[in-house]
*Asks:* 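Here it is, the structure in full.
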Amino acid sequence: GGAGPVQTRVRLTALDAWRGLTVLLMLLVNNVALGDLTPPQLQHAPFGGLTLTDLVFPWFLFCAGAALPFSQAAMRRAGVTGWARVRRLVTRAALLYLVGAFLTSVTEHRFTLGLGVLQLIALATLCAALLGGLRGHWQALVAVVLLAAFGTFLASAHHPAGVGVVSETANPVQAVNDALLTPWGLRGLVSVVPTTALVLLGSLAARPLEQRSPRAPWRLLVLGTALAAAGYGWAASGQLPFAKALWTPPYVLYSAGLGTLGILAMWLIADAGRVPFGAKLLAPLTIPGRNALAAYVLPILVKVWVLLDWRVGWAGKLQPMRDALLTLARTHLGLWWGGWAYTLGYVLAAWLLLAWMARRGLIWKL
């Protein structure tokens, strides 16, 4: 008899859509051109507060974690186990770190191997992926231990401002950075601890979806609600604040909870089979979601190398292309609508580039 049919795995639209929404939010908040008219939700909150802008980076990490069960299952099906699996994980992390270092160097106009967005994602995802073979309850336990240990460090470590002082300018993380890590260009390395916990929580949330569990929606609803409630309650207790710069445990838990509920919402629309044409409704989000690395790197390179470096005289004087475009938009549409025209035009241009790449199968993967 002949060989049986090859089993294929259907790609989960929910993860691509949620990651795509995160990418578009990143493009929006990083390039908003409204000046003093910028809505509060499109600005970083003061220390102790939280806005939509503050949730973008943790959702990137959450999505990186949510992809782990699927990539790990693919490696198992391909027979990549043991040290071969470890080598692949380390190689991917190293490449992503180097891409991040290149992007940071381009942005700062100097060579640096220090930590940036992609570098932190690379390190945290590597640490979480190495624990990918653990059962779900053990992954949850590791995440809890990491957050509890980091919370204890923030609340009880000695530093120049005293014990238990956690403010924007005086905290244990700042002290460690100033004393040990800044001279080595590794400022922020302490953040690998809580961000690894965040990636693990993302992996934990996606496991029922990867396993096609019939109870997946209820598990995600319970997990997302519990994480968000725990994070909000911890911050409300006054013990530790929401703080993006420090990756405080309440901030990690709350963002992971909202990320879980976000993926659940996308799953109900696109993957549960209950919404007609649900996957097509989310297609505009899946385009950047399936090419997230390119969606992050290419717009930044265009911004630095073209919009900021090229000088044009369109607005009556020689100035960077970004300023000229913004001046033209504001001159014809006013500060508010002109700012929105430039901002949304930038996001649309990035989306069109990604859509063009998608039609030609140009997906950047490491």
Side-chain angles (χ1 to χ4, degrees), residues 11-34 42 52-53 56-57 59-61 63-64 66-67 92 95-109 116-119 121-122 262 266 270 279-312 314-315 319-330 333 337-366:
R11 189 178 182 97
L12 189 72
T13 302
L15 176 56
D16 287 330
W18 183 249
R19 185 166 48 215
L21 177 61
T22 302
V23 168
L24 293 178
L25 286 173
M26 178 270 296
L27 291 171
L28 175 64
V29 302
N30 285 352
N31 298 282
V32 65
L34 296 172
L42 298 184
L52 177 63
T53 299
V56 173
F57 193 3
W59 282 346
F60 262 110
L61 284 155
C63 288
R92 285 178 177 176
L95 289 173
L96 184 58
Y97 192 101
L98 290 175
V99 171
F102 167 74
L103 199 62
T104 303
S105 299
V106 167
T107 303
E108 297 183 2
H109 298 283
V117 171
L118 293 183
Q119 297 94 307
I121 292 176
M266 299 296 180
K280 291 185 178 179
L281 289 174
L282 297 183
L285 298 180
T286 60
I287 286 174
R290 291 178 179 174
N291 209 357
L293 184 57
Y296 181 80
V297 173
L298 295 182
I300 293 179
L301 293 180
V302 170
K303 182 177 180 179
V304 174
W305 284 344
V306 177
L307 295 178
L308 295 180
D309 279 359
W310 290 10
R311 303 181 71 82
V312 297
W314 299 338
Q319 57 185 327
M321 183 181 288
R322 182 190 65 175
D323 296 344
L325 290 171
L326 187 55
T327 299
L328 287 173
R330 287 174 172 173
L333 299 173
W337 292 111
W340 272 118
Y342 174 86
T343 301
L344 296 181
Y346 181 94
V347 175
L348 177 61
W351 186 90
L352 289 173
L353 171 62
L354 295 168
W356 176 84
M357 294 177 67
R359 291 194 63 179
R360 285 156 181 77
L362 302 175
I363 305 298
W364 187 5
K365 293 183 178 180
L366 294 179

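Here, residue 1 is the first one in the sequence, and each next residue gets the next number.
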*Asks:* Closest heavy-atom contact between L344 and L28?
*Replies:*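 Nearest pair, atom of L344 first, then L28: CD2-CD1, 4.3 Å.
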*Asks:* Just checking W364: does its CH2 atom have more than 12 heavy atoms from other residues, nucleotides or ligands closer to it than 6.0 angstrom?
*Replies:*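 More than 12 within 6.0 Å, yes.
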*Asks:* Answer yes or no: is there a side-chain heavy-atom contact under 4.5 Å between L307 and L325?
*Replies:*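 The answer is yes; the side chains approach within 4.5 Å.
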*Asks:* I want to check something: taking the side chain as every heavy atom from C-beta on, are V297 and L118 in contact at a cut-off of under 4.5 Å?
*Replies:* yes
*Asks:* Over all heavy atoms of both residues, which pair between L308 and P320 is shortest? Give the atoms and the distance, please.
*Replies:*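 In terms of heavy atoms, the two residues are closest at O-CB, 3.6 Å.
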*Asks:* Contact between L52 and V29 at the side-chain level, heavy atoms closer than 4.5 Å - yes or no?
*Replies:*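 Side-chain contact under 4.5 Å: no.
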*Asks:* For a quick test of reading the model, state the closest non-hydrogen atom pair linking L27 to A350 and the distance between them.
*Replies:* CD1-CB, 3.8 Å
*Asks:* What residue among I287, L362, I363 forms side-chain contact (heavy atoms from CB on, under 4.5 Å) with M357?
*Replies:*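 Exactly one candidate clears the test, L362.
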*Asks:* Could you work out, with side chain to side chain contact (heavy atoms under 4.5 Å, CB included) as the rule, every residue matching V117, not counting sequence neighbours?
*Replies:* F57, I121, Y296
*Asks:* Find out whether V347 and N31 are in side-chain contact, i.e. whether some heavy atom of one side chain is under 4.5 Å from a heavy atom of the other.
*Replies:*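 With C-beta onward as the side chain, the pair stays apart.
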*Asks:* Which atom names give the shortest non-hydrogen contact between C63 and T22, and what distance separates them?
*Replies:* SG-OG1, 4.3 Å
*Asks:* Which atom pair, heavy atoms only, marks the closest approach of L15 to A67?
*Replies:*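 Result for this residue pair: CD2-CA, 3.7 Å.
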*Asks:* A side-chain contact here means heavy atoms from C-beta on lying under 4.5 Å apart; do W18 and L12 qualify?
*Replies:*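 No - every pair of side-chain heavy atoms lies 4.5 Å or more apart.
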*Asks:* Is there side-chain contact between W340 and L333, with at least one heavy-atom pair below 4.5 Å?
*Replies:* no
*Asks:* Please list all pairs meeting salt bridge (Lys or Arg N to Asp or Glu O under 4.0 Å) that have one or both residues in residues 13-24, counting only residues at least two apart or in different chains.
*Replies:* R11-D16, D16-R19, D16-R290
*Asks:* To check you understand the geometry: which heavy-atom pair defines the closest contact between A17 and L282, and what is its length?
*Replies:*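 Answer, listing the atom of A17 first, then L282: CB-CD1, 3.9 Å.
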*Asks:* Please examine the side chains of L96 and L293, heavy atoms only from C-beta on, and report whether any two atoms are closer than 4.5 Å.
*Replies:*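 Touching, per the 4.5 Å side-chain cut-off.
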*Asks:* Does CZ in R360 sit with more than 12 non-hydrogen atoms of other residues, nucleotides or ligands closer than 6.0 Å?
*Replies:*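 It does: R360 CZ has more than 12 such atoms within range.
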